[in-house]
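Here is the structure we will look at, set down as structure tokens.
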Amino acid sequence: MTGPGAAKSARVLRVGNASGFYGDRFDAVREMLTGGPLDVLTGDYLAELTMLILGRDRLRDPGLGYARTFLRQLEETLGLAHDKGVRIVANAGGLNPAGLADAVRALAGRLGVPVNVAHVEGDDLTARYPGALTANAYLGGGGIAACLRAGADIVVTGRVTDAALVTGPAAAHFGWGPDDLDALAGAVVAGHVLECGTQATGGNYAFFARDGHDVRRPGFPVAEIHSDGTSVITKHDGTGGLVDTGTVTAQLLYETGGARYAGPDVTARLDTVRLEQDGPDRVRISGVRGEAPPPTLKVGLNRLGGWRNEVVFVLTGLDIEAKARLVREQLEDALGKQPPAEVRWELARTENADPDTEERAAAYLRLVVRDPDAERVGRAVSSAAIELALGSYPGFHVTAPPGKGAPYGVFEAAYTEAGTVPHTAVLHDGERVVVPHPRVTRELTDAGPGALPEPLPHGPTRRAPLGLVAGARSGDKGGDANIGVWAPTDDAWRWLAHELTVERLRALLPETAELPVVRHVLPHLRALNFTVAGILFGDGGTSQAAGPRGRVAAQARFDPQGKALGEWLRARHVDIPEALL
């Protein structure tokens with residue numbers, strides 16, 4: 001790592017990841033520190049919902065608001081990291097990075113480990129947004145870089161972009177400035193691959209059952225970053241899982257959208273990314289082009305939206321639809337003239353004909369209610385459901401006793417001028433350094449439709465699941481979702497690019513039929529990325545509780561974060577050319 005003055009370095013920077021979310025594998029920090037060589041170890045602890053959880057923690061105790069798991073991990077590994085000379089960069093500071101930095105200093109003092117601890121702040125904009133529980137701008141890697149250049153061993157941040165955990169150390173190490181757009185963009189792509197931990201090394205991978213790799217305990221990923229921004233994604237020797245162009249492609253498509261992947265440091269062009277297998281468990285990323293970042297920063301807003309409750313009725317045997325209709329009519333009658341503001345029913349027909357076990361005879365009727373008033377979803381709903389126990393359909397029972405309801409959050413994305421956000425690096429000696437925002441910016445525009453390959457020649461087809469010839473990964477962005485689909489071969493890409501249109505996607509996933517859907521083409525990745533607006537509301541794209549621009553994290557939908565939308569799509573049957581099968 002470079003010191004003050006940021007002299008350029010040619011040495012490869014080895015950056016590892018040990019956390020993809022708050023609650024990830026606890027032992028990963030130790031595993032990464034002992035498993036092989038590293039220069040920097042990063043940890044991503046924050047998601048949109050995590051900020052809500054930390055906000056509620058802070059309401060109970062103003063001294064909290066950070067990921068406490070990070071402290072417990074450091075208690076076991078701080079001395080090890082110091083001995084190995086590995087610097088640690090994590091966004092575990094959440095809503096209180098200064099508080100976490102103080103806690104790490106106190107821990108280091110108790111352990112007798114001499115480390116320099118710095119933090120990054122300025123992202124907290126809650127005072128600007130009345131009614132918000134949390135409001136945090138997504139900062140770039142400049143503050144992290146300033147802390148590392150000044151000699152920090154540990155840097156904790158609040159809300160920064162996930163990729164900033166990599167762009168910051170890389171900029172500090174290689175001496176990049178704001179005009180090194182291609183190099184920064186390359187680091188952004190590497191950072192996006194690393195940010196979700198084992199999703200880059202065989203976790204949640206569409207083809208996990210196809211190639212015989214042991215993915216029971218995937219190792220965490222490592223990026224070997226070069227001075228020009230190119231990188232190699234790998235993992236420590238002897239760890240489980242796999243790294244190949246498929247696993248890296250899958251992660252590149254996760255929770256992204258169009259070809260322009262905008263961030264506060266740079267806008268990376270995903271349509272320029274090239275992947276190449278560079279040996280066993282090694283994938284080289286090259287060709288990434290960068291553009292000036294947009295003039296605004298994204299701001300994540302969380303507020304308490306109200307209260308929710310859920311009851312799942314088990315319907316067994318015959319007359320499933322009649323049983324569902326009966327209990328629904330009974331409960332709606334019991335709730336009377338003042339039902340909860342939102343009432344959602346979903347019948348999952350999971351029963352089998354001539355079942356050989358009781359469970360295989362069962363279907364599930366799920367009721368989800370939401371309301372600003374806790375009483376309307378609490379005892380009123382729970383009592384109404386339980387009072388039906390002896391007077392409803394035959395075989396009446398529920399999966400769990402209904403509770404008193406729980407609060408839910410509403411997420412919304414806003415945007416603010418970058419120059420109004422006080423991005424600040426607080427160095428280990430207490431000096432406060434204001435981090436300038438890029439002077440050159442570029443308004444974010446669509447990159448266009450993308451080049452399509454020549455269609456595959458016509459030939460005989462066979463009705464089969466799409467997933468036999470295409471991988472997919474999906475995820476959430478507030479109330480929206482993305483579904484990334486890629487082809488593992490050139491011929492499969494020639495077919496997929498022309499077959500899977502927006503209209504075809506809507507036909508295969510009827511839930512998307514009335515929602516705005518945009519298709520993005522990423523030809524070098526042989527991939528299509530679909531963004532589906534409003535699908536995670538669970539009520540057709542609007543929500544009385546959240547308002548037209550709100551993003552509800554209320555678990556009204558069966559798969560509330562859209563994690564399995566891609567697998568649903570792969571399970572749908574289409575006419576596939578026999579040459580591909």
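Quantities reported herein were computed from a predicted structural model and do not represent experimental measurements.
Contact annotation: the side chain of F313 approaches that of L331 to within less than 4.5 Å [non-hydrogen atoms, C-beta and beyond].
Applying the 6.0 Å contact sphere to CZ of F208 captures no more than 12 heavy atoms from other residues, nucleotides or ligands. Atom CG of L318 has 12 or fewer heavy atoms from other residues, nucleotides or ligands within 6.0 Å. Counted within 6.0 Å of CD on Q338, heavy atoms from surrounding residues, nucleotides or ligands total 12 or fewer; the atom is thus considered open. Other residues, nucleotides and ligands contribute more than 12 heavy atoms inside 6.0 Å of the CD atom of E76.
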Step by step, work out the salt bridge (charged side-chain N to carboxylate O under 4.0 Å, His left out) result for E503 and R506. CA-CA 5 Å; E503 293 72 21; R506 285 182 166 137; 5.1 Å; no
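Taken to the nearest 0.5 Å, the CG atom of L54 stands 11.0 Å off from the CG atom of L59. Rounded to the nearest 0.5 Å, atoms CH2 (W345) and CD (E332) are 6.0 Å apart. Considering NZ of K298 and NZ of K477, their distance stands at 4.5 Å, rounded to 0.5 Å. With rounding to the nearest 0.5 Å, the separation of CG in D559 from CH2 in W568 is 10.0 Å.
Nearest heavy atoms, V314 versus A362: CG1-CB, 3.8 Å. Residues A163 and E195 come closest through the heavy atom pair N-OE1, 4.4 Å. In this structure, V485 and A470 approach most closely via the heavy-atom pair CG1-CB, 3.9 Å.
Between R159 and E48 no salt bridge is recorded (no basic side-chain N to carboxylate O distance below 4.0 Å). Salt bridge status for R260 with D446: absent, with no side-chain N to carboxylate O gap under 4.0 Å. Under the 4.0 Å criterion applied to side-chain N and carboxylate O atoms, R349 and E351 are assigned as salt-bridge partners. Ion pairing between D124 and R58 holds under the 4.0 Å rule for side-chain N and carboxylate O. Between E342 and R344 there is no salt bridge, since no side-chain N of the basic residue sits under 4.0 Å from a carboxylate O of the acidic one. At a threshold of 4.0 Å, the pair R370-D373 does not count as salt-bridged, since none of the basic side-chain nitrogens sits closer than that to a carboxylate oxygen.
Among the candidates T531, D476, N529, T256, the single residue satisfying the side chain to side chain donor-acceptor pair (under 3.5 Å) test with N482 is N529. Of the candidates D44, T157, T50, N91 forms a side chain to side chain donor-acceptor pair (under 3.5 Å) with just one, namely D44.
Without hydrogens or angle criteria, T441 side chain to P294 main chain gives no donor-acceptor distance under 3.5 Å.
The aromatic rings of Y261 and H192 sit perpendicular, their planes meeting at an angle over 60°, well past the 30° parallel limit. Using bins of under 30°, 30° to 60° and over 60° for the plane-to-plane angle, the ring pair W486/F207 lands in the perpendicular bin.
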